[in-house]
Amino acid sequence: MDSSVKRRQVNKTEKLRFEDVKEEQSNVVSALYNPRKALSLSQQRALLPAAKRRGDVLKALEKHRSLVVMGSTGSGKTTQIPQFLMEAGWCDGDRAVLVTEPRRVAAVAAAERVAAEVGSTVGEEVGVAIRFDNRTSTKTRLVFSTEGTALRSMMSNPLLSRYSVVMVDEAHERSVTCDLLLGLLKKVQQRRSDLRIIVCSATINADEFVTFLGEDQTAIVNIEGKSYPVDVSYLKSPCKDYLEESLNIVVDIHRNSKPSSGSILIFLSSSEECEELTSRVTETLGRHVVAVPLYASLPYDQQIEALEPAPPNRRKVVAATNVAETSLSIDGVAFVVDTLHAKLKSFSSQEHVSSLSLVPISKASATQRAGRAGRTRPGQCFRCCTVSDFSQLSETTPPEIQRVSLNGAILQLKSFGVDNIMNFQFPSAPPVEVVAQALEELYNLGAIDDDGILTDDIGMRMAEIPLEPDYARCLVASEAFGCTEEVSEIFGMVQSSTLLISASASRERRLFEAVREPYAVAEGDLLTYLNMFRAYKSNGYSSSWCSSKRFNGKGFKQARRIAHNLKKYVDRKKSDSSLQKERLDTRIRRALCTGLFHKAAFVSPNGSYTSLLSSLSFNHVPLRMHPTSVLFDRYPKCVVYAEAVETANKYMRNITVVEATWLVDVAPALYENKRKRALMELEEGHEKLSGRP
DNA sequence: GAGCACTGC
């Protein structure tokens, strides 16, 4: 055995068991590529671990208002529990059962599977309701939906009156939407004692849901899968470079076991690391292995390649990001190498700056990652840290609601009539200062009044629009300025922006700029997007035109669909004739100013930018134009930006040139008084700047 | 002159 293997201490005290998911599709891709034929559907159903718990689930719901189901994906709970409920009469009369999933593919896959099992097709007894794909009818009794669509459907049906049971699947992932949904469901249950709530969660998080739903009225059912053991080993001494260490481990595994013993999956934190490790593994082990990267922004055909089984007599090595932890599963993995790191989003509410930082993962995540080795056979997991370092990791990842901007979440709660946010029972309370900041910004946007109540003309409408509050405010403002069409198209493009340029071109900076250059305008990135969309439109929305310009047809198609959807929320006839004297591009930029004024910045003599809201604080950090902006190197005096990100510096992205006076027009309370002096100082600064070469 | 985990309405 290689010396570096001996260096590692194999710790057999920690044996994990994970379910066999052969019987169930946990994602669409494997469903498409591994159609199963051998067993009949009813035979397969009977073999699922969930079948053994049928009686327990139904009994629990007779006696309790809520149920927490423990067990990870693959036990059959997603597809079987809804059918148990239907068979037991929970869908009799006009009643129905709602099941929510965090991701679209999961909702569609579950609906298709269940429809097949009941001998029907999606849209009849079993339906799916996700954005841009609603296949439900009056006959539908089981509705599979994303969390986002379920929440939105509560806007028109706040008591969910049709549903006897709501099942929140994969609740341990704890998205903001999931937390809002759970909080609202608990409120609905206070009004509707007949409503049953089922929360499905990984074992480690089950307790917190029981506490949240009320211990005295919540039952617990554990659905264990058929499982294979996973041996977990740790390093004897800490490693300095986890990339280097993971390469060594891969080499050890490869040299000490046959290729047929299974594929190796390495968890890394970024696409860049995945690419690097892939090429280093190939360099080191040559033709004996097929090493491939796997991350979400990888082109579709390369993702499929990563998920396919290994060719005969060669070992497959997949270097993946978090996408392989929950969204995609790879068949035939027997070894997991975990670097125990990930990029996590954090947000500074004061500065509107979000950043992605490299952090150690939680024990819960590490358990989930290890489980990827034991899906179809006994597996091994190698963690790139010592046992004692591992014990220092936090138990679970903080829920998203404690890490992100809450403007959107609070706007939605207000639209559900939750006027006192501080009294709302969140599964996990968000930071008070982030809530306060969100309330202040919603007030400044005109979405809530002095009493914190949603305004009819602005706030109510913003809540209906499927965009972040800032963007939704721009869209509402576009009516008066007579540019609803243009602003809808701009935000369709912004939402799809990462998909717009073909993958090969977007990796090369010069090519990226060349592709966009013919459409670039001096008014900034958002108007450049509009210009691109118009060209697409005047060429008949043609995908071959997209490819001829090295644009990504899929991205433009999505932009078109979102733009089309957004237009339904605005009324182009509402334009204010007194505002129509100005040029169209000016009116568009004024509409954008109306929603984005919190994110305005003024140029400083040294060429950096100062955010107007932080300009009075002593420790403000200057902002820079992101090098991908069409305005890079052009130093316009005053801009608004759609987003700020922090990496090596703080950068503004998706920038629009505006006039400072427009800011005072749209947000007098904010800019006229207390910021006026700062504005003037900045103005003077600019006078000096304009003398520069 | 950058370097971006992942979802979703």
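The figures here come from the full heavy-atom set of this structure, side chains too, leaving out hydrogens, waters and symmetry mates. Reminder, nothing fancy here: chain letters follow the sequence lines and each chain counts from 1.
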Using OP1 and OP2 only, check whether a side-chain N or O of [X] sits under 4.0 Å from [N].
X        : N     : result
A:Arg653 : B:dA2 : no
A:Lys343 : B:dC4 : yes
A:Ser271 : B:dA5 : yes
A:Tyr295 : B:dC6 : no
A:Thr177 : B:dT7 : no

[X] has a side chain; which of [options] sits nearest to it?
X        : options             : value
A:Ile130 : B:dT7, B:dC9, B:dA2 : B:dC9
A:Lys345 : B:dA5, B:dT7, B:dC4 : B:dA5
A:Arg152 : B:dT7, B:dC9, B:dC4 : B:dC9
A:Tyr651 : B:dA2, B:dA5, B:dG1 : B:dA2

What is the separation between atom [atom1] on [X] and atom [atom2] on [N], rounded to the nearest whole Å?
X        : N     : atom1 : atom2 : result
A:Asn565 : B:dC9 : CG    : P     : 11 Å
A:Phe491 : B:dC9 : CZ    : C1'   : 15 Å
A:Asp133 : B:dC9 : CG    : C1'   : 14 Å
A:Leu406 : B:dG8 : CG    : P     : 20 Å
A:Leu181 : B:dG8 : CG    : P     : 15 Å
A:Glu272 : B:dC4 : CD    : C1'   : 10 Å
A:Asp169 : B:dG8 : CG    : P     : 14 Å
A:Glu400 : B:dT7 : CD    : P     : 12 Å

Residues at least two apart in sequence or cross-chain that pass salt bridge (charged side-chain N to carboxylate O under 4.0 Å, His left out) with A:Glu441, listed by chain then number, are none
Is [X] touching bases, backbone alone, or none of the nucleic acid, heavy atoms closer than 4.0 Å?
X        : answer
A:Arg104 : sugar-phosphate
A:Thr146 : sugar-phosphate
A:Leu356 : base
A:Arg103 : sugar-phosphate
A:Gln495 : base
A:Leu151 : nothing
A:Ala342 : nothing
A:Ser270 : sugar-phosphate

Gap between atom CG of A:Asp470 and atom CG of A:Leu442 - 0.5 Å precision: 9.0 Å
For A:Asn322 and A:Pro466, find the nucleotide of DNA chain B closest to each by heavy atoms; which residue's nucleotide sits nearer the 5' end? A:Asn322
By nearest-nucleotide position on DNA chain B, the 5'-leaning member of A:Leu344 and A:Arg624 is A:Arg624
Just one of A:Tyr471, A:Phe533, A:Tyr569 clears the ring-ring contact (aromatic ring centres under 6.0 Å, His included) bar with A:Phe491, so which one? A:Tyr471
Other residues, nucleotides, ligands: >12 heavy atoms within 6.0 Å of A:Glu272 CD: no
In plain terms, say whether A:Glu643 and A:Lys599 are close enough for a salt bridge, that is, a side-chain N and a carboxylate O under 4.0 Å apart. no
Do the rings of A:Phe551 and A:Tyr519 sit parallel, tilted or perpendicular, given the 30° and 60° boundaries? tilted
Distance-only check: which donor-acceptor pairs under 3.5 Å involve side-chain atoms of residues 627-634 of chain A, not counting sequence neighbours?
unit_1, atom_1, unit_2, atom_2, d
A:Thr628, OG1, A:His626, ND1, 2.8
A:Ser629, OG, A:Asp525, OD1, 3.4
A:Ser629, OG, A:Asp525, OD2, 2.8
A:Ser629, OG, A:Leu631, N, 3.0

